[in-house]
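Take a look at the structure set out below.
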Amino acid sequence: MIKSIEGKLYNLTFETNKIIRGFWLLIDDEGEEFIIQQNFFLFGFKQFKFNRKVYQATDSLKKYSISGKELIIKTKEKSDKSYLGLALVIPLMAIFRNVIPLDLLWGASNLPISYLTGILNLILFWLVSFSLLKITFSLRKSKFQKKLKKLNIELHEVGQGYSKNPLQTTQEFLKWW
């Protein structure tokens, strides 16, 4: 059954200073809550729609929600302290660049140009990237489920959906199929 849901989208937070990455709380106009698993930055790209898993919880998660505007304010307060990290990271990266060989990350050098070496390097890069993303997705989901289990809340998958609006407007208004 295809169903269009209109509502507001919120970030989830169990702690006041840290949001739960990879999950959104959608509260529709009737007050029904849906949890959307978002593993990618984009909700959709032009005519291409990325289906997201949609869940419902056994208990309300509205008390753990934070709006986009509140999050922006907290992020600005936190970002004032992050310049120290940049001051440390930039010199360290220059040191690591000289110590760690590039062949370790990108594969063998492709000079003189060999199509076979180039294709193997690209396959290696995409396999490593895909593997890291899958590990990140599974760790995020298991961490979220552990937090919910501590609160005696269970998730039940209700289907899949995609956004009708671009990401820039998701904090104000969102429609899901």
Side-chain angles (χ1 to χ4, degrees), residues 1-86 89 125-177:
M1 177 172 99
I2 296 177
K3 180 180 174 182
S4 181
I5 300 170
E6 297 179 7
K8 291 189 178 181
L9 192 64
Y10 298 94
N11 289 297
L12 288 168
T13 179
F14 295 117
E15 303 165 10
T16 57
N17 58 354
K18 196 173 187 181
I19 65 167
I20 302 295
R21 301 254 182 231
F23 291 91
W24 296 81
L25 178 66
L26 175 67
I27 302 176
D28 69 0
D29 297 334
E30 289 85 34
E32 195 172 3
E33 297 179 5
F34 298 94
I35 299 162
I36 301 161
Q37 184 176 5
Q38 180 195 357
N39 290 325
F40 298 108
F41 176 75
L42 299 172
F43 273 102
F45 183 71
K46 296 193 179 183
Q47 73 269 22
F48 302 108
K49 307 290 186 200
F50 297 124
N51 283 335
R52 309 285 181 213
K53 289 185 180 179
V54 179
Y55 300 93
Q56 279 190 313
T58 55
D59 196 13
S60 176
L61 293 175
K62 189 172 184 174
K63 58 188 167 216
Y64 302 110
S65 65
I66 183 170
S67 72
K69 293 174 185 174
E70 292 175 58
L71 184 64
I72 289 170
I73 292 168
K74 287 186 178 191
T75 304
K76 284 184 180 180
E77 291 171 359
K78 188 178 176 182
S79 68
D80 292 339
K81 300 171 187 170
S82 68
Y83 293 116
L84 178 62
L86 282 175
V89 167
F125 173 76
W126 286 111
L127 282 175
V128 168
S129 298
F130 183 74
S131 300
L132 289 175
L133 286 173
K134 289 299 272 185
I135 290 169
T136 303
F137 300 160
S138 62
L139 288 176
R140 281 181 176 175
K141 187 172 182 181
S142 66
K143 182 179 176 183
F144 183 62
Q145 286 177 335
K146 284 180 186 176
K147 294 262 188 185
L148 290 178
K149 190 176 267 190
K150 286 181 184 176
L151 299 170
N152 293 326
I153 300 173
E154 293 182 21
L155 284 182
H156 302 287
E157 187 173 343
V158 293
Q160 292 187 344
Y162 62 88
S163 172
K164 289 185 174 181
N165 295 339
L167 185 60
Q168 289 80 13
T169 61
T170 56
Q171 294 299 336
E172 301 298 326
F173 189 70
L174 181 67
K175 292 183 181 178
W176 280 82
W177 280 93

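In what follows, residues are counted from 1 in the order of the sequence shown.
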Side chains of [X] and [Y]: does their closest heavy-atom pair fall under 4.5 Å?
| X | Y | value |
| --- | --- | --- |
| I36 | L9 | yes |
| I35 | L25 | yes |
| F144 | F14 | yes |

> For Q56 and E33, what are the C-alpha separation, side-chain angles and deciding distance, and is it a side chain to side chain contact (heavy atoms under 4.5 Å, CB included)?
Replying inline: CA-CA 7 Å; Q56 279 190 313; E33 297 179 5; over 6 Å; no
> Under the side-chain contact (heavy atoms from CB on, under 4.5 Å) test, which residues partner K141, sequence neighbours left out?
Replying inline: F23, Q37, Y55, Q145
> With sequence neighbours left out, what residues match I153 under side-chain contact (heavy atoms from CB on, under 4.5 Å)?
Replying inline: A57, T58, D59, L61, L148, L151
> Out of curiosity, L12 CG to R21 CZ, how far, rounded to the nearest 0.5 Å?
Replying inline: 12.5 Å
> For the residue pair L139 and S142, what are the closest heavy atoms and their distance?
Replying inline: O-OG, 3.1 Å
>> Would the distance check show the side chain of S65 and the main-chain N or O of K62 forming a donor-acceptor pair, the cut-off being under 3.5 Å?
In response: yes
